[in-house]
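Each chain gets a letter, A, B and so on, in the order the sequences are listed, and its residues count up from 1.
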There are 2 protein chains.
Amino acid sequence: MTTHDSTRMPVIGSHKAYVTGSRPDLRVPVRRVHLTDGSAVTLYDTSGPYTDPGVTTDVTRGLPPLRSGWIAERRRDGTPAVTQLAYARRGVVTPEMEFAALRENVDPAFVRDEIAAGRAVLPANVHHPESEPMVIGKHFLVKVNANIGNSAVTSSIDEEVEKMTWATRWGADTIMDLSTGRDIHTTREWVLRNSPVPVGTVPIYQALEKTGGRAEELSWEIYRDTVIEQAEQGVDYMTVHAGVLLRYIPLTARRKTGIVSRGGSIMAAWCLAHHRESFLYTRFEELCEIFRAYDITFSLGDGLRPGSIADANDAAQFAELRTLAELTRTAKAHDVQTMVEGPGHVPMHKIKENVDLQQELCDEAPFYTLGPLTTDVAPGYDHITSGIGAAMIAWWGTAMLCYVTPKEHLGLPDRDDVKTGVITYKIAAHAADLAKGHPGAQVWDDALSDARFAFRWEDQFNLALDPDTARAFHDETLPAEPAKTAHFCSMCGPKFCSMKISRTVMDTYGPEGAEALGDAEIEAGMLAKSREFAEAGNRVYLPLAD
Amino acid sequence: MTTHDSTRMPVIGSHKAYVTGSRPDLRVPVRRVHLTDGSAVTLYDTSGPYTDPGVTTDVTRGLPPLRSGWIAERRRDGTPAVTQLAYARRGVVTPEMEFAALRENVDPAFVRDEIAAGRAVLPANVHHPESEPMVIGKHFLVKVNANIGNSAVTSSIDEEVEKMTWATRWGADTIMDLSTGRDIHTTREWVLRNSPVPVGTVPIYQALEKTGGRAEELSWEIYRDTVIEQAEQGVDYMTVHAGVLLRYIPLTARRKTGIVSRGGSIMAAWCLAHHRESFLYTRFEELCEIFRAYDITFSLGDGLRPGSIADANDAAQFAELRTLAELTRTAKAHDVQTMVEGPGHVPMHKIKENVDLQQELCDEAPFYTLGPLTTDVAPGYDHITSGIGAAMIAWWGTAMLCYVTPKEHLGLPDRDDVKTGVITYKIAAHAADLAKGHPGAQVWDDALSDARFAFRWEDQFNLALDPDTARAFHDETLPAEPAKTAHFCSMCGPKFCSMKISRTVMDTYGPEGAEALGDAEIEAGMLAKSREFAEAGNRVYLPLAD
């Protein structure tokens, strides 16, 4: 393993800080941006200890197990179920809930109540003590998942760990390890021990490796053993395509793009080969018992999601959703936290129906959607086709968005693609937080716009979702250092700046504005101001030195 | 001037073709994609003669003046007004209307009726005969504008002409020349003579140059002469910030980001300096007469648009919109085509109000919006923050979208930025066409998804909005030529492909599907199919050679 300096250093212009909770071992990391006007903005931080210059990390040793003490304390209580849902239902606010609440700026009891109601999940396998607790639910900040994972064709373990660190640096709230090639177990171990965020998997991928890729040779036993193997390693949530029932498969035959979910198609192949109901469905309660023992969260997979605009919201998709609703209730009856996955490829006018139906049928269990992609025609830009749909569906109630990279449909994402995918989805998530009126969301926009209006360039860069790119783009046009404090921007040049003119207007009318004035008062006021303006030399364009 | 091969060659995989209308000189260009299954898909084409290998273009001579004959014919009729609106109101279907109708696959009379109703515009200055007619209105395909233009800081004439060709190659339906530096007149001449799409400008920029950048020295006379100078050159539409009234300026004093429109702030400075109402407003009818003489289309500028999330939908913005509605009616009374510009920075939940109010107040005149940007926090990615808002506002009724590039707020776009901006906005526009149910829009998605499902990689690339990028991304992972015909994709590798499994399902049930079958029939049918499947060797993964 090599150390990657660019990944393991603080984000430029941001400082790692910690907010301490009700006990000294409950220290919540935040990204703090100190502004040149002396104020500071505090932002949510998913990057883990890697961006703390005071912490030395070593991928061969893994991150400090921050939750170990809390898990051990609860174990001494001898509680029957170790899930956050079970604790929440008994009225307990766990340190994990308080940790998540501090990140969200909400009351810890609110986190507990949302989990107890099944409207939120806090994925936290007791065997993954390294993760920093976070909560997924429609009444919290919208979360983003980044997929990593090698495949038979390319990639290496080192690359996957690096991708994970890189994705969380830019804001991934969870990561999914979708490895399908060699060394699945070892790759996952490295990822888990070094991941500050919850890790999800799709166990059927590894189970299929064990049968040499022959779907018909899969069995409940092979699958169960795979789940336990991954549970022991500490996987926090698992995608289970238990809603692909035998009788739904014919519904896909008339589709334009059939079954596009890998897990869904594997189970469809198994059902076809055996002419029996999916073992994921028939043995679902046994699976619940395993998940309960480790506090693994279900992510009920949408194996029949549409793979094209033509197939959106069809009979196969909604038939499966009804089964996922039934399974959600079963899982919750076992005290197992549950979220539900959603599509896929959906044109804009059919997006809202997806989230409304899922919320209604699944008793408001968190919705976790891939995009959706709002058109099929732009391979190479599917982070954008899907970022549009993601922002909309999140506004309407999706709790977590699974990112899509520019390589979707074409190849495996590299480091740049991962960053582009994460940033695009952070934009969608934050746009949704604003539209939902999430308390505190707009503070960030306001701080950046204040900096922009005041020509505080460094503050604008440092507050940006991606400070490096913002700074680099500015420097391409005006690379000289003084430009970053200049009172003009590179679009209009030094003489011709609307922001500058606008400041003059503001200076003319003062901070009190004039909205409450009548027309006559405005006229009188403006006449006086007009004289002042003329006396000051009509200087709309102030000298650059000012 | 140099020739830029990459810009002046056909788009790879596409063929220029022409659809002939009711007269032999009415030849409408299309982009035709021939597929490996023998079929072909016909797409809208904005790229002009540059992508026709049968046409030799020379930027020093300009494009052939394809509309000259039509304009001359009408001049011989001695009609009082030469605007498309005047003809439409008299029931005339001009060759321009028929040309646009053929591009949209609609009845020419429908184009005429939409123009007559003021719900659509066909920007076509009689001095710009080189442009290929197109129509902008909510009942037509959503259009995209790309801004080009040098500034005091950077850029050259050659670069601007090249940017124009490049932008239209990727789908820009109009371009705006926003030059503010030296050689404005000459740059614009080169752009107009070589542009196959309508060209817009903001005349106040050049007028300000004439006063040495001193807004208070602007006058109606300077402005008028500038408009006439540009009208003579052939500018097809002009942004006029005539809605920035003296009494609205104080409404911006309490804003977070004041006045961010350049034109708006120039006029605000003039109003402040003179304490008089804007000459754009007081002399608006004289301006209408000039526009009428050339058939220039008004783009009524939103000089008070919000520059931050905090300022969206505020009193200043909507006060100006009411004035723009008044001016829309005035312009139409003069037979002048008119569209109305819109914001800006608007959070998702406030977008719909913008288009609903504009459509209501302005008698459904075409709305032409910049984004809107749905968050302020992502400088460097504002093509994406705004692409989200653009797709939504277009779905809800915006007729044309002004693109935003990744350099917004940071610097001037280069060639790559222009392409990224155009492609992002074509995605937004097409997503909106799908959501609006525009007839024929989904044919494109269906063709690409068919190709994807059948592993016709070359067809998938050729049908892509950006074939070059789609092909390059695929080749990064699997560069060998045979991979592009292989029956698997690079995400899952050769053995493990959901598309492949899914094809098996489709083969099992046949093209008729099973949606109409009862449960018992499905069970019986599946049992039989299961046996066939087993007898065929349970081959879900077919040999690569097949």
If you count heavy-atom pairs under 4.5 Å between each of [options] and chain A, which one has the most?
options: B:Pro347, B:Ala441, B:Ala391; answer: B:Ala391
options: B:Pro406, B:Ala432, B:Ala470; answer: B:Ala470
options: B:Thr375, B:Asp445, B:Ile351; answer: B:Asp445
options: B:Gly264, B:Gly389, B:Ser449; answer: B:Ser449
options: B:Asp446, B:Thr374, B:Thr385; answer: B:Asp446

Using non-hydrogen atoms only, which part of [X] is less than 4.5 Å away from chain A: side chain, backbone, both, or neither?
X: B:Trp270; result: neither
X: B:Ala316; result: neither
X: B:Leu434; result: both
X: B:Ile388; result: both
X: B:Pro413; result: neither

> Excluding sequence neighbours, so at least two apart, what forms side chain to side chain donor-acceptor pair (under 3.5 Å) with A:Asp414?
Replying inline: none
>> Please enumerate all residues that pass side chain to side chain donor-acceptor pair (under 3.5 Å) together with B:His345, with sequence neighbours excluded.
In response: B:Asp376, B:His409
For residues [X] and [Y], determine if any side-chain heavy atom of one lies less than 4.5 Å from a side-chain heavy atom of the other.
X: A:Met392; Y: B:Trp395; value: yes
X: B:Ile384; Y: A:His383; value: yes
X: A:Pro379; Y: B:Leu448; value: yes
X: B:Ile427; Y: B:Leu465; value: yes

Contact leader toward chain B among [options], where contacts are heavy-atom pairs under 4.5 Å:
options: A:Leu373, A:Asp417, A:Asp450; result: A:Asp450
options: A:Ala464, A:Ala428, A:Ala472; result: A:Ala464
options: A:Pro467, A:Ala390, A:Ala435, A:Ala431; result: A:Ala435

> If you measure only the distance, is there a donor-acceptor pair under 3.5 Å linking the side chains of A:Tyr425 and A:Ser386?
Replying inline: yes
> Nearest 0.5 Å, what's the OG1-CZ distance between A:Thr405 and B:Phe473?
Replying inline: 8.5 Å
> Short question: side chain of B:His474, backbone of A:Gly411 - any donor-acceptor pair under 3.5 Å?
Replying inline: no
